[in-house]
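Inspection log for the structure reproduced underneath, given as structure tokens.
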Amino acid sequence: MKWVVNQFTFALIIIATIVFSAFPSSCSDEHYSSAAPNNSDPTTFNVLDYGAKGDGRADDTKCGIVILLTINQHGIITTPKKKAFEDAWEAACKIDSSTMVVPSGKVFLIKPISFAGPNCRQNIVFQLDGKIIAPTDPKSWGSGSLKWIEFTKLNKITIKGKGVIDGQGSVWWNNDDDSSVEESTTSPFSVLPSSGKLPSTKPTALRFYGSDGVTVTGITIQNSQQMHLKFDSCTNVQVFDIKISSPGDSPNTDGIHLQESQNVVLHSSTLACGDDCVSIQTGCSNIFIHDLNCGPSHGISIGGLGKDNTKAFVSNVTVQNINIQNSLTAVRIKSWQGGSGSCKNVMFSNIQVSDAETPIIIDQYYCDNSKCKNSTSAVAVSAINYVNIKGTYTKEPVRFACSDSVPCSGLTLDTISLEPSKGVKDSAPFCWKASGKLNTKTVPPITCLQQSSNTFKLGIHMLTSKGFNFLRELL
């Protein structure tokens with residue numbers, strides 16, 4: 001077909017070309033090419049080569065700047081755009097063992113984005129050495145999003161580097177009651193928000209969904225809007241040598257959140273946040289957590305399980321060699337009334353506690369508001385082992401609040417020494433419908449535990465079970 005351009009359309013093209021040439025691009029024109037980047041390694045894709053500017057102000061997600069005006073088959077002017085991070089990912093996705101580079105010395109403003117498979121090749125590396133920040137402008141979030149940066153349906157994906165992911169979450173935390181935003185001062189690179197309110201749905205900073213063979217190492221995640229790092233429906237996960245940081249009073253800012261995930265190893269990291277350092281939810285099994293420094297926080301928690309009368313299953317969890325300070329609790333299992341299912345085969349060992357409110361908790365009456373209804377149904381908690389847990393508390397040392405109809409069973413305690421912090425009065429352990437065995441004397445004496453000779457044998461059995469074979473290979 002022969003195209004005809006009338007004088008009006010031609011004039012628009014000339015005017016638009018002059019206008020856009022007169023203003024500096026908010027993307028990096030000097031680096032951008034619509035073709036493959038010109039570098040010596042065809043498997044490396046630097047976001048600067050795809051139009052990212054990295055000044056902390058320009059939108060490096062898509063950029064959205066007119067480069068060329070063309071006329072499509074309907075005679076309409078079109079504006080091809082630079083997509084920066086999205087285009088770099090699309091290119092890396094097509095090649096085995098590729099690397100997408102976010103370079104050091106730059107600050108990249110990224111709106112909600114999904115780096116998606118399932119048609120991507122394996123062994124992609126996301127090399128994060130620069131800093132990525134979230135927008136604080138309410139318009140960037142629309143009606144709300146459950147995630148900010150997401151990797152989904154990938155096979156063997158690695159996030160590594162010395163870079164930072166900064167959710168700039170204070171504008172969300174400080175506006176729980178009134179989400180109107182006037183100004184952000186969380187960073188010299190903050191986007192000045194327009195008038196309006198942030199949505200009530202707060203995003204997770206970094207989420208992995210439906211992926212296998214995930215590794216996260218070296219990076220820092222800070223000031224998340226809500227959870228910092230989440231694994232949902234993932235398998236064979238390794239997280240190590242990372243740092244998570246947000247203030248102790250930042251609401252619901254869990255460090256690492258696991259849900260419906262199996263074969264997970266978390267170790268050698270420092271976590272400080274306003275909620276659980278590690279939160280383990282339903283569908284999780286074969287979880288090995290060790291050598292973490294945790295606090296301030298709410299400790300390491302399994303649950304809350306069984307919310308809204310749902311079934312929940314958690315099994316084969318080992319938590320060992322952990323330092324916890326200035327936390328609500330140290331090691332906790334919590335479930336809602338009305339749920340069902342089970343939490344079993346859990347070992348907490350070698351936990352050093354400093355100034356935790358209540359270091360050891362099982363709470364089958366968990367409720368985060370004042371409107372929870374009583375119910376006889378509960379998630380069964382059994383085969384829970386506590387070994388070598390020592391330190392100080394500020395409220396009470398141990399609290400086992402178990403269900404009348406589904407009591408806690410098979411609890412074993414060995415070498416427990418918990419003393420009040422300086423200036424805090426002694427408090428006795430609390431037990432309700434909890435049975436098990438004291439393998440050694442405890443400080444203070446846990447005389448409230450109903451003694452049971454039919455306890456579960458854990459420890460060696462847990463770490464040599466079939467589900468942990470992969471952990472021994474990794475370690």
Side-chain angles (χ1 to χ4, degrees), residues 47 52 54-56 60 85 99-110 112-113 115 125-136 147-151 157-173 184-190 202-208 214-231 237-250 252-258 264-279 289-297 300 322-326:
V47 295
D55 65 355
D60 287 322
F85 271 63
T99 300
M100 178 174 166
V101 177
V102 181
S104 62
K106 297 284 187 177
V107 179
F108 300 91
L109 174 67
I110 300 297
I113 187 171
F115 300 105
V125 174
F126 189 95
Q127 182 72 38
L128 175 59
D129 292 317
K131 185 175 184 179
I132 296 175
I133 63 173
T136 56
K147 76 277 183 184
W148 169 33
I149 301 172
E150 179 185 52
F151 291 83
I157 174 71
T158 297
I159 313 299
K160 68 175 185 176
K162 298 180 180 179
V164 176
I165 295 174
D166 188 343
Q168 302 201 101
S170 65
V171 295
W172 300 77
W173 314 330
S184 169
T185 58
T186 57
S187 162
F189 298 106
S190 296
K202 299 178 183 179
T204 291
L206 178 59
R207 179 190 186 230
F208 293 84
V214 180
T215 299
V216 180
T217 182
I219 67 172
T220 296
I221 309 172
Q222 64 189 31
N223 300 321
S224 177
Q225 303 90 337
Q226 191 165 254
M227 300 172 188
H228 287 79
L229 176 58
K230 182 177 181 179
F231 297 94
V237 174
Q238 291 191 75
V239 178
F240 59 95
D241 293 335
I242 73 165
K243 181 180 179 181
I244 288 176
S245 177
S246 63
D249 60 354
S250 55
N252 302 312
T253 53
D254 296 59
I256 301 175
H257 184 89
L258 306 177
V264 178
V265 183
L266 314 176
H267 68 95
S268 307
S269 297
T270 299
L271 314 177
C273 56
D275 211 300
D276 299 326
C277 272
V278 181
S279 172
I289 302 168
H290 68 94
D291 295 287
L292 298 184
N293 187 40
C294 172
S297 73
I300 295 177
I322 311 292
N323 288 319
I324 298 178
Q325 58 276 339
N326 301 318

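Hydrogens, waters and symmetry mates are skipped; everything else that's a heavy atom, side chains included, is used.
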Side chain to side chain contact (heavy atoms under 4.5 Å, CB included) assessment of Val164 paired with Gln222: CA-CA 7 Å; Val164 176; Gln222 64 189 31; 3.7 Å; yes
Side chain Ser279, main chain His257, donor-acceptor under 3.5 Å: no
Approximate separation, where rounding is to 0.5 Å, of Ile165 CD1 and Trp148 CH2: 6.5 Å
Distance-only polar pair, side chains of Asn323 and Gln325, donor-acceptor under 3.5 Å: no
Asn223 and Gln168: CA distance, side-chain angles, deciding distance, side-chain hydrogen bond (donor to acceptor under 3.5 Å, both in side chains) verdict: CA-CA 5 Å; Asn223 300 321; Gln168 302 201 101; over 6 Å; no
Shortest non-hydrogen contact between Ser246 and His228, atoms and distance: OG-CE1, 3.2 Å
Side chain to side chain contact (heavy atoms under 4.5 Å, CB included) assessment of Val125 paired with Lys160: CA-CA 7 Å; Val125 174; Lys160 68 175 185 176; 3.8 Å; yes
Arg207 CZ to Lys230 NZ distance, which is reported to the nearest 0.5 Å: 5.5 Å
Validation row: Met227, Asn252 side chains within 4.5 angstrom (heavy atoms): no
From CD1 (Ile289) to CD1 (Ile300), nearest 0.5 Å: 5.5 Å
Intermediate values then yes/no, side chain to side chain contact (heavy atoms under 4.5 Å, CB included), Phe240 and Asp291: CA-CA 10 Å; Phe240 59 95; Asp291 295 287; over 6 Å; no
From CD1 (Ile149) to CD1 (Ile110), nearest 0.5 Å: 7.0 Å
Gap separating the OG atom of Ser297 from the CG atom of Leu292, nearest 0.5 angstrom: 10.5 Å
Considering all heavy atoms, the nearest Thr253-Asp275 contact: N-CB, 3.8 Å
Ser224 (side chain) donor-acceptor with Gln226 (main chain) under 3.5 angstrom: yes
Minimal non-hydrogen separation, Phe115 against Met100, with atom names: CE2-CE, 4.0 Å
Reported CD1-to-SG distance for the pair Ile324 and Cys277, which is rounded to 0.5 angstrom: 6.5 Å
pair Ile159-Ile219: side-chain heavy atoms closer than 4.5 Å: yes
Geometric class of the Phe208/Phe151 ring pair [parallel <30°, tilted 30-60°, perpendicular >60°]: parallel
Shortest non-hydrogen contact between Pro203 and Lys147, atoms and distance: CB-C, 3.6 Å
Minimum-distance pair of heavy atoms, taken over all atoms of Cys273 and Ser250: C-OG, 4.5 Å
Side-chain heavy atoms of Thr217 within contact of Gln238, under 4.5 Å: no
Side-chain (Asp60) to main-chain (Gly54) donor-acceptor, under 3.5 angstrom: yes
Minimum side-chain heavy-atom gap Val216-Phe231 below 4.5 Å: yes
Within-4.5 Å side-chain heavy-atom neighbours: Val102 and Phe85: yes
Polar side-chain atom of Asp241 near backbone of Gly218 as donor-acceptor pair, under 3.5 Å: no
Nearest heavy atoms of Gln225 and Lys202, plus distance in Å: O-CD, 3.8 Å
